[in-house]
There are 2 protein chains.
Amino acid sequence: MIQDIAAFLKEKDISPSVQRVKIFDYLYKNHTHPTVDDIYQALYPEIQTLSKTTVYNTLRLFIDKKIATMITIDESETRYDADVVFHGHFKCRECEKIYDFDIDRSAIDLNTIPFFQIEEKHFYLKGICQECNKKK
Amino acid sequence: MIQDIAAFLKEKDISPSVQRVKIFDYLYKNHTHPTVDDIYQALYPEIQTLSKTTVYNTLRLFIDKKIATMITIDESETRYDADVVFHGHFKCRECEKIYDFDIDRSAIDLNTIPFFQIEEKHFYLKGICQECNKKK
DNA sequence: GTATCTGCAAAACATTTGCAATTCT
DNA sequence: AGAATTGCAAATGTTTTGCAGATAC
């Protein structure tokens, strides 16, 4: 649990500008896997001068510094996550929400995949979530 | 192993136009996870009147009919695969190639993920492949 | 001859780039 | 002042859409 976001960014060699702190704060506290536009819309009321370019720049920086990851579960828009520990994502095709779920480390045995140096792992599911299933 | 692609498409309720047969043939025989542009470039010499719109339309149809899947491992371009049996993908960040690998059905236990009706599963890895690793 | 399928041209988006203005130290 | 950061405007690239012409049954 990160207490002081500005201090956390400094530790990671990122100078904590207002924009960067607010963007990381938003990502870290809302586990909604937002798009660039989601982040922009959410923060615009607070930072009226914010531009999407800055959101793009900042997210790229976070990914470089390994404090955020890209989620390519969507074809059209990239989504972002401040949770860098490997976990699965489930996207409901009805409500479009993306849920997280834990993956038991023993459940995926990567030793059966030889010859590669693995740097990233992504596991995505798509379907209908329990809530949407009930409604029908 | 599909022998007659036109007949296969008919079985799936797809009228086998020249374009559709060639696009499926290409996808089925080249396991390269091509982009729309890859497919277009590959088939243009054979079908000089081909348009990218047709490639887009056709791939959407194949996905509807569940004879192809979308691979969203890339942020910028969507890739396609005629292999609809669940398997993993590995993308090398050096040579950009995408490799397939089998996943032992017992290696991923989806019973530990409750409450969802799962329709699609995707497992992607990124890193450096053996070939590129050797070169350095 | 009517449905379907194709493909051009334009539109619609998401993302990147160049650069000038702003901010921070 | 000097370096880093921000943000506007334009460019780029992928995908979608509208529609007219071509093709198939």
Side-chain angles (χ1 to χ4, degrees), chain A residues 5-7 9-10 12-27 33-65 67-80 96 98, chain B residues 5-7 9-10 12-27 33-65 67-80 96 98:
Chain A
I5 288 183
L9 294 181
K10 265 187 200 160
K12 301 289 178 178
D13 271 318
I14 298 168
S15 40
S17 69
V18 173
Q19 290 85 341
R20 288 168 177 177
V21 170
K22 296 249 181 195
I23 292 170
F24 191 80
D25 189 63
Y26 181 81
L27 254 191
H33 317 89
T35 62
V36 163
D37 195 60
D38 291 337
I39 297 169
Y40 176 78
Q41 297 299 336
L43 298 183
Y44 177 75
E46 289 178 63
I47 316 171
Q48 302 250 339
T49 60
L50 185 65
S51 83
K52 281 192 190 178
T53 303
T54 298
V55 180
Y56 278 107
N57 288 341
T58 302
L59 290 168
R60 188 187 302 153
L61 179 67
F62 289 172
I63 288 165
D64 276 1
K65 300 293 187 180
I67 64 173
T69 58
M70 259 181 177
I71 302 177
T72 57
I73 196 169
D74 255 4
E75 309 82 55
S76 49
E77 279 173 294
T78 305
R79 296 176 168 277
Y80 298 88
E96 308 245 281
I98 295 181
Chain B
I5 287 181
L9 294 180
K10 263 186 201 159
K12 300 288 179 180
D13 270 318
I14 298 167
S15 39
S17 69
V18 173
Q19 290 85 342
R20 288 168 178 178
V21 170
K22 296 249 181 195
I23 292 170
F24 191 79
D25 189 63
Y26 182 80
L27 253 190
H33 318 90
T35 63
V36 164
D37 195 60
D38 292 337
I39 297 170
Y40 175 78
Q41 297 298 337
L43 299 183
Y44 177 75
E46 288 179 66
I47 316 170
Q48 302 250 339
T49 60
L50 185 65
S51 83
K52 280 192 190 179
T53 302
T54 299
V55 180
Y56 277 107
N57 289 341
T58 302
L59 290 168
R60 190 190 300 154
L61 179 67
F62 289 171
I63 287 165
D64 276 1
K65 300 294 186 181
I67 63 172
T69 57
M70 258 181 179
I71 301 177
T72 58
I73 196 169
D74 255 4
E75 309 81 54
S76 49
E77 279 173 294
T78 305
R79 295 175 169 278
Y80 298 87
E96 308 244 280
I98 295 180

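This is a predicted model, so every value here is computed, not measured. Protein chains get the first letters and strands the later ones, always in sequence-line order, with residue 1 at the start of each.
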Chemist: Could you tell me how far apart B:L61 (CG) and D:dT16 (P) are, to the nearest whole angstrom?
Modeler: 14 Å
Chemist: State the pairing partner of D:dT23; accept Watson-Crick or G-U wobble contacts with both distances under 3.5 Å, and report none otherwise.
Modeler: none
Chemist: Output the rounded distance in Å from CD1 (B:I39) to P (D:dT15).
Modeler: 11 Å
Chemist: Would you kindly compare B:T49 and B:E75 by the position of their nearest DNA chain C nucleotide and give the one closer to the 5′ end?
Modeler: B:T49
Chemist: In this structure, how many angstroms lie between the C1' atom of D:dT12 and the CG atom of B:D37, rounded?
Modeler: 14 Å
Chemist: Just the rounded figure in Å: distance from P of D:dT12 to NZ of A:K52.
Modeler: 20 Å
Chemist: On DNA chain D, does the nearest nucleotide to B:M70 precede the nearest nucleotide to B:V18 from the 5' side, or the other way round? Give the residue.
Modeler: B:M70
Chemist: Tell me, please, the opening and closing nucleotides of DNA chain C, 5' to 3', among those with an atom under 4.0 angstrom from a non-hydrogen atom of chain A.
Modeler: C:dA14 to C:dT17
Chemist: Is A:S17 near enough to D:dT5 that one of its side-chain N or O atoms lies under 4.0 angstrom from OP1 or OP2?
Modeler: no
Chemist: Using the side-chain hydrogen bond (donor to acceptor under 3.5 Å, both in side chains) rule, take B:T54 and B:N57 through it: C-alpha gap first, then chi angles, then the decisive distance, then the call.
Modeler: CA-CA 5 Å; B:T54 299; B:N57 289 341; 5.2 Å; no
Chemist: How do B:S15 and B:Y80 order along DNA chain D: which one's closest nucleotide is nearer the 5' end?
Modeler: B:Y80
Chemist: Measure the CD1-CD1 distance between A:I5 and A:I23 for me, rounded to the nearest 0.5 Å.
Modeler: 11.5 Å
Chemist: Determine which nucleotide pairs with C:dA3, using a 3.5 Å limit on both distances of a Watson-Crick or G-U wobble pair.
Modeler: none
Chemist: Enter the distance from B:I39:CD1 to B:F24:CZ here, rounded to the nearest 0.5 Å.
Modeler: 11.5 Å
Chemist: What's the separation between atom CD1 in B:I73 and atom OG1 in B:T78, rounded to the nearest 0.5 Å?
Modeler: 12.5 Å
Chemist: Could you give the CG-to-C1' distance, from A:D64 to D:dA4, as a whole number of Å?
Modeler: 16 Å
Chemist: Could you tell me whether a side-chain N or O of B:D38 sits under 3.5 Å from a main-chain N or O of B:T35, the two making a donor and an acceptor?
Modeler: yes
Chemist: Strictly below 4.0 Å: does B:R60 bring a side-chain N or O up to OP1 or OP2 of D:dT16?
Modeler: yes
Chemist: Under 3.5 Å, is there a donor-acceptor pair between the side chain of A:R20 and the main chain of A:T58?
Modeler: no
Chemist: What is the distance from CD1 of A:I23 to P of D:dT6, rounded to the nearest Å?
Modeler: 8 Å
Chemist: Should A:D74 and A:R79 count as an ion pair when the cut-off is N to O under 4.0 Å?
Modeler: yes
Chemist: Does a side-chain N or O from A:Q19 land closer than 4.0 Å to OP1 or OP2 of D:dG7, or not?
Modeler: yes
Chemist: Quick one: which of D:dA9, D:dT17, D:dT15 gets closest to the side chain of B:T78?
Modeler: D:dT15
Chemist: What is the separation between atom CZ on B:R20 and atom C1' on D:dA24, rounded to the nearest whole Å?
Modeler: 11 Å
Chemist: Distance check needed: D:dT14 P versus B:R79 CZ, whole Å only.
Modeler: 11 Å
